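Working notes for the structure below.
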2 protein chains.
Amino acid sequence: MPGSEYQDVRKLNLFSRMADENFASLMRGAYVQNFPAQMELITEGDPSDFFHIVISGSVDLFSSWNGRETSMATVRPVSTFILAATIKDAPYLMSARTLEKSRIALIPSQDVRAVFDADGNFARAIVTELAQGYRSVIRAQKDLKLRTSLERLANYLLRQQKHAGGGAVFELDFEKRRLASVLGMTPENLSRAFKSLQPYGVAVNGTRITIGNQADLEHFAKPNPLIDDHSS
Amino acid sequence: MPGSEYQDVRKLNLFSRMADENFASLMRGAYVQNFPAQMELITEGDPSDFFHIVISGSVDLFSSWNGRETSMATVRPVSTFILAATIKDAPYLMSARTLEKSRIALIPSQDVRAVFDADGNFARAIVTELAQGYRSVIRAQKDLKLRTSLERLANYLLRQQKHAGGGAVFELDFEKRRLASVLGMTPENLSRAFKSLQPYGVAVNGTRITIGNQADLEHFAKPNPLIDDHSS
DNA sequence: AAAGATGATTGATTAATATCAACCCATAAG
DNA sequence: CTTATGGGTTGATATTAATCAATCATCTTT
């Protein structure tokens, strides 16, 4: 792993406070690989042999049941995925595939567990990371159970707008079909949902979104920090 | 806190391996109280001042948005709730109310965080607990996104049956209106869903469920360990 | 036992969402 | 340049689920 990548990973909250030696040990045991787009990295149900770090590109976490499939989350650089399975030494609950050409570091799960036992700062960081992830999923569940698909889209747009800097014009960071799946709806429905938001000043041009009337949209979406504020 | 209760709490995975002294310290600082039914213990958005342990009775975790409300989970003795908020020192994402007369221990969150820093075994137990909780919510989200309400009910019945010992006859451990909310549907819909399961041999009498044709129901429900097996 | 409350069920209707089919459009391959 | 290909959109329809209203059942209180 080149030094710049090494530093990028080191800066992650999960790794930033652990002992140099322990971090180096984890990285020595890591397999860093470039994967093409659409490569299935892990399959749900498989034993969680590796903890994954996305160094560049992006990864879709998804799940299937009875012939159906849904997108659970997207992982972007530089961050990690399936920490809980690694820690519990339990099967993956989600599958993962690259969305584009991606560079991924794979750390043997047993190494993570070993260093977890040895390094208190790493253990604390893991706790924070898990607690954060836990709360994120709770928020997602509230979003799903309390809102209609139109409301979920409206709030997603507001979140994404904020994330993109807050301007009236911004880009979706999802392919629409996958955004639909993440929001728990069909692509057809997403297309209609965008139309339904036109009265609130939402204009769509490919992946470029313009929010013409911020106040109107917010009045409709009723964003709530306990659902939408992913920093807390 | 009486000795028997003290021992019951001590036996929880979360506490069973920590140092005697640290456990005693946590318990010394705890407030143990009896609450009547329907008492709101915490309100979402409030600072997470206390970590909670249900000693007897039961507690409903629920969330609200825009005048709607949904049941997220039910906590039964002896177990704990809102660990993630306590650890992160972040606002509660869910509200909690007693479903019946309940005995609850409240431990100041800062005590939990302090002992977490001091006791490696406790820290490890917290990690396991958080990872378990995280995975449970992921499973719930898959249940919600991949299944219809009828399929969710069928699988819930199979889970509950297993939990009750596996016999053809068992009891629901929910009031139906709240079961409906947990499953993400209306009470009316739940009522109709039970009827729709009659062809699969499901008979309902109050809270007593009889599964007349196990194979048929399973064939319809298609239970999957990656969604329904809450032990892994 | 009568009255009141609460939860559960049922029927009728409406709303939300998915499905199916066709078509559009951009882009990449031949 | 033409042809595939895949995402996106649109319209028609079907399914799923929510809402509204009424009734029924159960349990508690008086």
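This one's a predicted model, so the numbers in the text were calculated from it and none came from an experiment. Proteins get letters first, then strands, A, B, ... in listed order; numbering begins at 1 in each. For the numbers below, each heavy atom of this structure counts, side chains included, while hydrogens, waters and symmetry mates do not.
Counting heavy atoms of neighbouring residues, nucleotides and ligands inside a 6.0 Å radius, atom CZ of Arg208(A) does not exceed 12 of them.
To the nearest angstrom, P of dA26(C) lies 16 Å from CZ of Arg208(A). Look at CD on Glu151(A): it is 11 Å from C1' on dA16(C), rounded to the nearest Å. Per the geometry, CD belonging to Gln38(A) stands 12 Å off C1' belonging to dG6(D), to the nearest Å. Between the NZ atom of Lys176(A) and the C1' atom of dT10(D) there is a distance of 13 Å, given to the nearest Å. If you take CG of Leu190(A) and C1' of dG7(D), they are 12 Å apart, rounded to a whole angstrom. Between Arg68(B) atom CZ and dT19(D) atom C1' the separation is 13 Å, expressed in whole Å. For the pair Leu144(B) CG and dT17(C) C1', the interatomic distance rounds to 15 Å; values are reported in whole Å. In this entry the distance linking NZ of Lys145(B) with P of dT16(D) reads 20 Å, nearest Å.
Thr186(A) has no side-chain polar atom (N or O) that falls below the 4.0 Å cut-off from OP1 or OP2 of dT17(C). Applying the 4.0 Å criterion to OP1 and OP2 of dA17(D), one finds that Asn189(B) has every side-chain N and O outside that range.
In this pair, Tyr92(B) and His52(B) present their aromatic rings perpendicular. The plane angle is above 60°, beyond the 30 to 60° band.
Relative to the side chain of Arg192(A), the nucleotides dA8(C), dA12(D), dT10(C) differ in distance, and dA12(D) lies closest. Counting only heavy atoms from C-beta on, Thr148(A) has its side chain closest to dA16(C) among dA21(D), dT9(D), dA16(C). Out of dG7(D), dT9(D), dG7(C), the shortest distance to the side chain of Arg177(B) is found at dG7(C). Side-chain proximity of Met185(A) to the nucleotides dA18(C), dA18(D), dT10(D) is greatest for dA18(C). The listed nucleotides are dT9(C), dG7(C), dT10(D); the one nearest the side chain of Lys195(A) is dT10(D).
Salt bridge annotation for Asp228(B)-Lys162(B): absent, with no cationic side-chain nitrogen under 4.0 angstrom from a carboxylate oxygen.
Without hydrogens or angle criteria, Thr80(A) side chain to Ile53(A) main chain gives no donor-acceptor distance under 3.5 Å.
Once rounded to the nearest 0.5 Å, the distance linking CD of Glu5(B) with CZ of Arg103(B) reads 4.0 Å.
Among the protein residues, Glu188(B) comes within range of the nucleic acid bases, having at least one heavy atom under 4.0 Å from a base atom. Among the heavy atoms of the strands lying under 4.0 Å from Ser149(B) are primed sugar atoms or P, OP1, OP2 only; no base atom is included.
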